[in-house]
Amino acid sequence: MSPAIGIDDLAFATGSFRIDLAVLAARLGADPEKYYRGLGQSEMSVVAEDEDIVTMGAAAAQQILDRSGGAGVRTLMFATETGIDQSKAAGVYAHRLLGLGPNVRVVELKQACYSATAAMQFAVALVARDPSEKVLVIASDIARYQLDSAAEPTQGAGAVAFTVAANPALLELHPANGVYTDDVMDFWRPNHSTTAIVDGKSSITAYLDAVAGAFDDYLAHGGVPFEQIDRFCYHQPFTKMAVKAHRHLAARAGSELDPAALQAQIEPTMGYNRRIGNSYTASVYLALLALLDGDEDLTGKRVAIASYGSGAVAEFLTGTVADGYRAGLRRAENEERLTGRTPVDDAAYLALQRTAARPDPSNFETARQTPSPFRFGGVRQDQRVYEPTA
Ligand code: CAA
């Protein structure tokens with residue numbers, strides 16, 4: 001019998017600063033409750049001058065390698081929509097920082113917030129071909145919108161790293177999956193822009209349509225009915241979006257669960273994203289990590305992953321939480337990672353945001369700020385410089 005394949009280890013990293021959304025509300029003239037309750041967000045991570053998708057992604061992956069080494073890893077896939085180069089994969093920089101050997105293929109994947117899920121499915125196929133292989137997936141993003149826009153409170157920054165392997169310690173993925181694509185302009189970032197362009201209201205509709213389309217396709221491809229799924233991890237651009245999506249799917253599936261029961265199926269997935277903000281590709285896997293790190297024993301439970309990337313692509317799949325999964329978690333460390341961020345006021349946050357838009361992007365140095373194991377030193381003659389911090 002072929003072995004189960006799925007997520008063997010899962011870790012995250014985020015920006016080293018954070019800002020309470022009440023601080024943004026004061027500048028934007030909004031009631032803080034609009035962000036706390038209306039969007040379901042309490043604060044958001046902000047990156048230091050010398051942090052980017054590579055330093056966050058490598059910091060997440062380092063935790064996995066510290067525990068189990070790189071043995072068996074022959075592929076590193078880097079999922080992001082915060083691309084730093086049109087040609088070279090961000091994962092090649094991470095590969096060096098992590099000290100992975102030369103016999104590893106490295107590639108970058110892009111489709112807005114969705115591409116980490118594509119990476120995971122491609123990884124499953126590689127492991128099915130050779131169950132002795134492990135695939136390292138890194139998903140890392142910085143969400144930036146125009147200052148003073150309605151989207152500003154839905155920014156954030158974060159990365160996850162996970163390994164896909166046979167006989168996984170955390171989540172055994174099921175073969176059934178549903179996919180959906182529709183060419184819509186709800187959110188995109190043209191090459192000339194450092195911030196995304198978004199049609200906020202239509203992005204919500206596009207998300208709901210795509211996730212419902214992926215769920216229908218999941219049912220048509222051997223998926224189990226809605227009632228047989230215990231917990232649901234959604235992409236969370238803001239956590240209230242998961243509430244909207246879950247109610248939408250429940251209504252479509254004709255579920256008889258009351259609103260409180262529906263909320264209980266998603267509430268434990270929101271703890272990290274509520275504090276980190278939107279981390280695009282990493283977001284749905286931060287939802288999974290928050291769920292696994294929670295108080296409830298989930299052994300044997302069926303968990304859904306509903307992945308969405310604007311533009312738009314969605315996928316719906318499920319997995320079973322593995323026996324003994326709790327031994328593979330880093331719950332206390334993860335909490336310290338969040339509480340250890342330095343709070344910034346509006347002036348410091350605005351200064352960081354403005355510094356990110358460089359007048360001369362071909363040549364600059366960054367200030368030493370990050371406590372992460374890796375730092376982005378700047379750009380020298382068009383070449384990005386990364387180095388260990390210590
Ligand atoms: N107290 C409590 N709640 C309040 C409130 C108050 N004082 N004032 C308003 N609210 C509620 C509103 O009722 C609303 O809740 P419901 O949607 O449940 O009715 C919520 O707060 C937000 O209010 P608005 O709709 O008025 O907010 P807005 O128009 O200012 O902006 C937004 C919201 C459109 C999401 C905007 O933040 C945005 O454009 N964000 C970026 C786009 C985005 O995240 N889209 C999500 C889907 S696309 C995707 O998922 C891909 C991705 O990662 C980007």
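Read the numbers this way: they start at 1 and go in the same order the structure lists the ligands and their atoms. Counting begins at 1 with the first residue of the sequence. Side chains included, hydrogens not; waters and symmetry mates left out as well; all remaining heavy atoms used.
By the 6.0 Å contact criterion, CZ on Arg330 is enclosed, its count of non-hydrogen atoms from other residues, nucleotides or ligands being greater than 12. For Glu296, the CD atom counts as densely surrounded, since its 6.0 Å shell holds more than 12 non-hydrogen atoms of other residues, nucleotides or ligands. Heavy atoms from other residues, nucleotides or ligands lying under 6.0 Å from CZ of Arg384 number more than 12. Residue Tyr386 qualifies as enclosed at atom OH: its count of foreign heavy atoms under 6.0 Å is above 12.
Aromatic pair Tyr349/Phe17: ring centres not closer than 6.0 Å. Ring to ring, Tyr280 and Tyr114 are not that close: their centroids are 6.0 angstrom or more apart.
Close approach to Phe187 involves these atoms of ligand 1, each under 4.0 Å from a residue heavy atom: 54 (C). Atoms of ligand 1 found under 4.0 Å from any heavy atom of Asp31 (numbered from 1 in listed order, with element): 7 (N). Each of the following atoms of ligand 1 lies closer than 4.0 Å to a heavy atom of Lys244: 16 (P), 17 (O), 18 (O). Within ligand 1, counting atoms from 1 as listed, the ones closer than 4.0 Å to a heavy atom of Ala150 are 30 (O), 31 (O), 36 (C), 37 (O). Near Gly200, the atoms of ligand 1 lying under 4.0 angstrom from a non-hydrogen atom of the residue are 34 (C), 39 (O). Taking every non-hydrogen atom of Phe238 and a distance limit under 4.0 Å, the qualifying atoms of ligand 1 come out as 35 (C), 44 (O), 46 (C). Atoms of ligand 1 found under 4.0 Å from any heavy atom of Val198, numbered from 1 in the order shown, are 42 (C). Atoms of ligand 1 found under 4.0 Å from any heavy atom of Gly38 (numbered from 1 in listed order, with element): 3 (N), 11 (C), 15 (O), 20 (C), 21 (O).
Here the shortest heavy-atom distance to atom 24 (P) of ligand 1, taken over Lys201, His235, Lys240, Gln41, belongs to Lys201. Counting only non-hydrogen atoms, the option in Ala25, Ser283, Ser203 that gets closest to atom 45 (N) of ligand 1 is Ser203.
Nearest non-hydrogen protein atom to atom 40 (N) of ligand 1 is Thr154 OG1, 3.2 Å. With hydrogens left out, the protein atom closest to atom 2 (C) of ligand 1 is Glu33 O, 3.4 Å, a heavy atom. The nearest heavy-atom contact from the protein to atom 22 (C) of ligand 1 is Leu39 CD2, 3.9 Å. Nearest protein heavy-atom neighbour of atom 30 (O) of ligand 1: Lys34 NZ, 2.7 Å.
The shell of residues lying under 4.0 angstrom from ligand 1, judged by heavy atoms, includes Tyr145. For Glu152, the heavy-atom gap to ligand 1 stays at 4.0 angstrom or more.
A salt bridge does not link Arg302 with Glu172: every distance from a Lys NZ or Arg NE/NH1/NH2 to an Asp or Glu carboxylate oxygen is 4.0 Å or more. Between Arg274 and Glu43 no salt bridge is recorded (no basic side-chain N to carboxylate O distance below 4.0 Å).
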Problem set entry | Test log, rule salt bridge (charged side-chain N to carboxylate O under 4.0 Å, His left out), inputs Arg67 and Asp9 | CA-CA 9 Å; Arg67 184 182 276 174; Asp9 197 356; 3.7 Å; yes
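Note: Phe226 and Phe215 have perpendicular aromatic rings, judged against thresholds of 30 and 60 degrees for the angle between ring planes.
For Arg37, every heavy-atom contact with ligand 1 shorter than 4.0 Å involves the side chain, none the backbone.
Closer than 4.0 Å to atom 9 (C) of ligand 1 lies at least one heavy atom of the protein. By the definition of a contact as any protein heavy atom under 4.0 Å away, atom 32 (C) of ligand 1 is not in contact. Within the 4.0 Å cut-off (strictly below), a protein heavy atom is located near atom 27 (O) of ligand 1.
Looking at ligand 1, you won't find any N or O of Ser310 less than 3.5 Å from one of its N or O atoms. In terms of N/O distances under 3.5 Å, ligand 1 is not approached by Tyr280. Of the polar atoms of Tyr207, none of the N or O atoms is found under 3.5 Å from an N or O of ligand 1, judged by distance alone.
Atoms OG1 and NE2, from Thr117 and His235 in turn, are 10.0 Å apart once rounded to the nearest 0.5 Å.
By the 6.0 Å and 45° rule, Arg358 stacks over the aromatic ring of Phe364.
Tested against Glu152, the residues Gln146, Arg144, Arg27 include a single side-chain hydrogen bond (donor to acceptor under 3.5 Å, both in side chains) partner, Arg27. Of the options Ile64, Leu76, Ile53, Val54, a side chain to side chain contact (heavy atoms under 4.5 Å, CB included) to Ile138 is made by Leu76 and by none of the others.
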